[in-house]
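Data first, discussion second: the structure below is written as structure tokens.
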Protein chains: 2
Amino acid sequence: MREILAKIGDKWSILTIMMLSGGTRRFSELQRGIEGISQRMLTLTLRGLERDGLVTREVFPTIPPRVEYTLTPLGRSLQQPVIALGQWVVANLPEIDTARRRFDAAAEDRGGN
Amino acid sequence: MREILAKIGDKWSILTIMMLSGGTRRFSELQRGIEGISQRMLTLTLRGLERDGLVTREVFPTIPPRVEYTLTPLGRSLQQPVIALGQWVVANLPEIDTARRRFDAAAEDRGGN
DNA sequence: CAGTATCCCGTTAGATACTG
DNA sequence: CAGTATCTAACGGGATACTG
């Protein structure tokens, strides 16, 4: 369970699932949509999701090549929780930021590093 | 947002929040409840959650010392999404496991190392 | 009890270069 | 386009020892 949570909860996995919630996407679309992800990490993330049965990978042998990723039914069942989490983060980002500044300022006062 | 997700999505944070969903807990209770966490990681995780305003830390200057951790309102607002995620994992663990074995077996066939 | 302080190693992720 | 391969710096996290 720890291991599954670590994988599902992984930031790249969450962002990828959020992207795929909008429907089938190509590799390059995902990379453009997920800010900051490297080619390597996108590949590894997609392989992991595929392995866990959350995503299917379909290759079109055209030139140039084209690969499409789609959520499986299992993957879609994960949408609700994951999107809820994502929305929570977006909604509460300002409050977290404030809390951090307060915490850091207090640490500073106590003789911060 | 990436950074917040990375922190929230962290396995220890999720498990800690799940533990604290049951109410206020002492340091040692948390350590016993979260299987596999080290003293160091529990301390670091709690500091992070405290910094982000999700958890409060209350020290009782008794002998022996006693420290209690409680979810803040912000932390409690995170309960729903986090617990939903945890429940999804528990509910779908078998299916994920099956998918993995299938995937690994297929890789094996294709000459997987 | 509830930490803090070190040491240290394995994994991870970013950058870069190459390919079917 | 959609990867794979390789190298390396950074980080995570365990073990251990010490303390208010």
Side-chain angles (χ1 to χ4, degrees), chain A residues 1-16 19-20 24-52 55-70 103 106-107 110-113, chain B residues 1-16 19-20 24-52 55-70 103 106-107 110-113:
Chain A
M1 157 133 189
R2 277 225 316 281
E3 191 237 326
I4 308 276
L5 257 183
K7 161 153 278 165
I8 302 299
D10 172 72
K11 65 177 170 182
W12 296 133
S13 299
I14 292 187
L15 292 169
T16 301
M19 278 295 294
L20 288 175
T24 297
R25 293 280 183 274
R26 300 183 56 173
F27 187 89
S28 50
E29 291 179 307
L30 290 171
Q31 191 170 10
R32 274 192 300 275
I34 305 172
E35 196 188 1
I37 197 169
S38 66
Q39 205 168 31
R40 187 181 118 92
M41 287 317 296
L42 181 54
T43 299
L44 291 179
T45 301
L46 287 168
R47 283 299 168 283
L49 294 175
E50 191 191 357
R51 182 163 106 99
D52 289 348
V55 159
T56 56
R57 175 174 184 269
E58 192 176 5
V59 183
F60 298 84
T62 57
I63 294 178
R66 184 165 131 231
V67 181
E68 293 187 347
Y69 294 90
T70 310
F103 185 90
R110 290 196 309 275
N113 63 324
Chain B
M1 156 134 187
R2 278 224 317 281
E3 191 237 326
I4 307 278
L5 260 182
K7 162 152 277 165
I8 301 299
D10 172 72
K11 66 177 171 181
W12 296 134
S13 297
I14 292 189
L15 292 169
T16 301
M19 278 295 294
L20 289 175
T24 297
R25 293 280 183 275
R26 299 183 56 172
F27 187 89
S28 50
E29 291 178 308
L30 290 171
Q31 192 171 8
R32 274 191 300 276
I34 306 172
E35 196 187 0
I37 197 168
S38 65
Q39 204 168 32
R40 185 182 120 94
M41 288 318 297
L42 181 54
T43 300
L44 290 178
T45 300
L46 287 168
R47 283 298 167 282
L49 294 175
E50 190 192 355
R51 181 163 105 101
D52 290 349
V55 159
T56 57
R57 175 174 184 269
E58 191 175 7
V59 183
F60 297 84
T62 56
I63 294 179
R66 184 165 131 230
V67 181
E68 292 187 349
Y69 294 90
T70 309
F103 185 90
R110 291 195 309 274
N113 54 322

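- Between B:K7 and B:D52 there is a side-chain heavy-atom pair separated by less than 4.5 Å.
- For B:S28, the listed nucleotide lying nearest its side chain is C:dA2; candidates were D:dC1, C:dT4, C:dA2.
- At the heavy-atom level, B:Y69 lies under 4.0 Å from the strands shown only through sugar-phosphate atoms.
- In this structure, B:L46 atom CG and C:dG3 atom P are separated by 7 Å, rounded to whole Å.
- Note that the CG atom of A:L15 and the CG atom of A:L42 stand 11.0 Å from one another [nearest 0.5 Å].
- Note that CD1 of A:I8 and CD of A:E3 are 9.5 Å apart. Values are rounded to the nearest 0.5 Å.
- Expressed to the nearest 0.5 Å, how far CD of A:Q39 lies from CG of A:L30 amounts to 12.5 Å.
- Here D:dA2 presents its P atom at 13 Å from CD of A:E58, a figure rounded to the nearest Å.
- Side-chain atoms of A:T45 and A:I34, non-hydrogen and from C-beta on, never get closer than 4.5 Å to each other.
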Contact state string [nucleotides 13-20 of chain D, B base, S sugar-phosphate only, - no protein heavy atom under 4.0 Å]: BBB----B
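- Between A:R57 and D:dG3, a side-chain N or O to OP1/OP2 separation shorter than 4.0 Å is present.
- The CD atom of B:E50 sits 14 Å away from the C1' atom of C:dA2 (whole-angstrom rounding).
- Atoms CG (A:L42) and P (C:dG14) sit 12 Å apart, rounded to a whole Å.
- In this structure, B:R47 places its CZ atom 18 Å from C1' of D:dG12, rounding to the nearest Å.
- When both distances must be under 3.5 Å, the Watson-Crick or G-U wobble mate of D:dG20 is C:dC1.
- Residues A:T43 and A:F27 meet the side-chain proximity criterion, which asks for heavy atoms closer than 4.5 Å.
- When side chains are defined from C-beta on, B:V59 does not count as touching B:P65, because their heavy atoms never get closer than 4.5 Å.
- A:E29 has its CD atom 11 Å from the P atom of D:dC1, to the nearest Å.
- The separation between A:K7 atom NZ and C:dT11 atom P is 15 Å, rounded to whole Å.
- Between the CD atom of A:E35 and the P atom of C:dG14 there is a distance of 13 Å, rounded to whole Å.
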